[in-house]
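Please read the structure below before turning to the comments.
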Amino acid sequence: MMQVYADNAATTKLSETALKAMMPYLTDTYGNASSLYRIGQEAHHGVQAARAAVASALGADTNEIYFTSGGSEADNWAIKGVAELMAKKGKKHIITSAFEHHAVLHTVKKLEEQGFRITYLPVYENGIVKAEDVKNAICDDTALVTIMYANNEIGTIQPVSEIGAVCREKGVLFHTDAVQAVGHVAINVKAQNIDLMSMSAHKFHGPKGIGALYCKKGIRLPNLIEGGAQERGRRAGTEAVYAMAGMAAALTEATDALTQNTAKLTALRNRLIDGLLQIESSRLNGDRNSRLPGNVNISFEGVEGESLLLYLDMKGVSASSGSACTSGSLDPSHVLLAIGLPHEVAHGSLRLSLCESNTREEIDYIISCVPEIIERLRSMSPLWEKIQKERGNL
Ligand SMILES: *Cc1c(COP(=O)(O)O)cnc(C)c1O
């Protein structure tokens, strides 16, 4: 049976190049990057080279990149840090969107409990924030605008450059959670007026447990971890040089192959979308064009997403759904609700996130598996029976 990994928005396979770049620091070059002797200095060079490579891929200066443990940490640091900084100036208003990752949403919720006012901008049916709405929401006491670069469930790409321009014009700091975008779309933090940006290596074929925060020079972001002088004294702790080296290698590899990967993925993605939309009572979630090249998110009426995933798993296909039953909650995804899907439709959603090593044969295999699973699930579904009755089909 074919095995198809189509959950690259959850995590990706480590690239061979990244693994090779990591090995020296897991073996011979085990020195502490702060030590003065040779293997310490070799580790130190590893840290500097990794930082420079990450910066260069994003149009940042080397000393504007701070390594973190991943995307969640970078999001927490950026948002809580700017909030602390701005509260001193009496600014206690944050603008975000309704469909951010929980690393952002739960963080702003925490700040709300501490007296911040939060504006959640609508994302409309296409899953795209309007820069105009950002502009209209900015007040005298706005401390931060935090809008994700690309959504992790429906893959929609936000008008980041326009939002950046609005924020710059109004003198408000702009953070973007770019965890789904870095390594997948072309980014230039300077040209796009981004002040702070979160990223995570395991979303672009780097190792897990490493990410970074880009923080524009001049922003006096409070320290995250007190201790040694690592990360310019802002995040102390002996550097995981192997992880940094792996992240840098993966990002460089992704950036170098961006044009060809985008072309390949877009074709696979469109083939998969068109193939699945042949199924009765299905819909594509999120804008079709302003969309990550590897993201497919489709709802099937009268189907329960979790069951669909289990059947797909039996067919060797790893995917994800828009319902959160596995995490112990019966609520459907806040992202799908934010684009206006009714609860029962949101529950029947399927996310397939591709990467450049997926093949056309794999796409066609998925397209061949899904219809019979949907038919089977619908034949057992009281919800589908109800829908059919309402439509006069039964
Ligand atoms: C995966 C993800 C995160 C969390 O990143 P980790 O490195 O897993 O902590 C944050 N935001 C988005 C949009 C993501 O997709």
Side-chain angles (χ1 to χ4, degrees), residues 5-14 18 54 58 65-80 96-110 120-121 123 127-129 145-158 160 163 174-185 187 194 196-214 224-225 235 240 243-244 246-248 250-251 254 285-286 290-297 318-322 324 326-327 333-336 338-339 351-355:
Y5 184 74
D7 202 14
N8 288 278
T11 197
T12 56
K13 184 179 182 210
L14 184 68
V54 170
L58 303 166
I65 298 296
Y66 297 86
F67 286 110
T68 64
S69 66
S72 302
E73 182 183 319
D75 284 340
N76 272 257
W77 189 9
I79 297 168
K80 290 177 188 163
T96 188
S97 81
F99 75 165
E100 297 293 313
H101 188 273
H102 284 132
V104 169
L105 283 183
H106 292 172
T107 302
V108 297
K109 246 286 123 347
K110 207 76 184 186
Y120 299 92
L121 295 179
V123 297
I128 299 177
V129 172
V145 169
T146 173
I147 305 283
M148 68 199 321
Y149 204 119
N151 184 269
N152 47 299
E153 289 187 34
I154 57 174
T156 50
I157 297 172
Q158 307 304 306
V160 168
I163 297 171
F174 173 40
H175 165 253
T176 186
D177 172 342
V179 175
Q180 290 290 333
V182 170
H184 302 276
V185 298
I187 298 178
I194 297 167
L196 301 109
M197 184 172 82
S198 305
M199 64 202 97
S200 179
H202 76 94
K203 301 287 175 75
F204 51 81
H205 303 285
K208 292 167 185 57
I210 184 84
L213 177 66
Y214 155 76
L224 182 65
I225 302 176
R235 184 186 184 273
M244 296 170 182
M247 175 173 176
L251 184 54
N285 295 315
S290 186
R291 181 179 202 98
L292 287 171
N295 177 287
V296 175
N297 189 308
S318 309
S320 161
S321 93
T326 41
S327 58
S333 132
H334 68 286
V335 173
L336 298 176
I339 59 168
R351 178 187 73 185
L352 295 151
S353 42
L354 311 175
C355 81

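Computed from heavy atoms alone, side chains included, the values below leave out hydrogens, waters and symmetry copies. Each ligand, and each atom within it, is numbered from 1 in the order the structure gives.
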> What are the two closest non-hydrogen atoms of Val108 and Leu105, and how far apart are they?
Replying inline: CG2-O, 3.3 Å
> Considering residues at least two apart in sequence or located in another chain, which fulfil the side-chain hydrogen bond (donor to acceptor under 3.5 Å, both in side chains) criterion with Asn8?
Replying inline: none
> Among Asn152, Val335, Asn151, Thr107, which one satisfies side chain to side chain contact (heavy atoms under 4.5 Å, CB included) with His101?
Replying inline: Asn152
> What residues come within 4.0 Å of ligand 1, counting heavy atoms only?
Replying inline: Gly70, Gly71, Ser72, Asp75, His101, Met148, Asn152, Asp177, Val179, Gln180, Ser200, His202, Lys203
> Which of these, Ile194, Asp75, Val145, sits in a side chain to side chain contact (heavy atoms under 4.5 Å, CB included) with His175?
Replying inline: Asp75
>> Going by side-chain hydrogen bond (donor to acceptor under 3.5 Å, both in side chains), name the residues that satisfy it together with Ser353, two or more places apart in sequence or in a different chain.
In response: none
> Listed by chain and number, what are the side-chain hydrogen bond (donor to acceptor under 3.5 Å, both in side chains) partners of Lys13, not counting sequence neighbours?
Replying inline: none
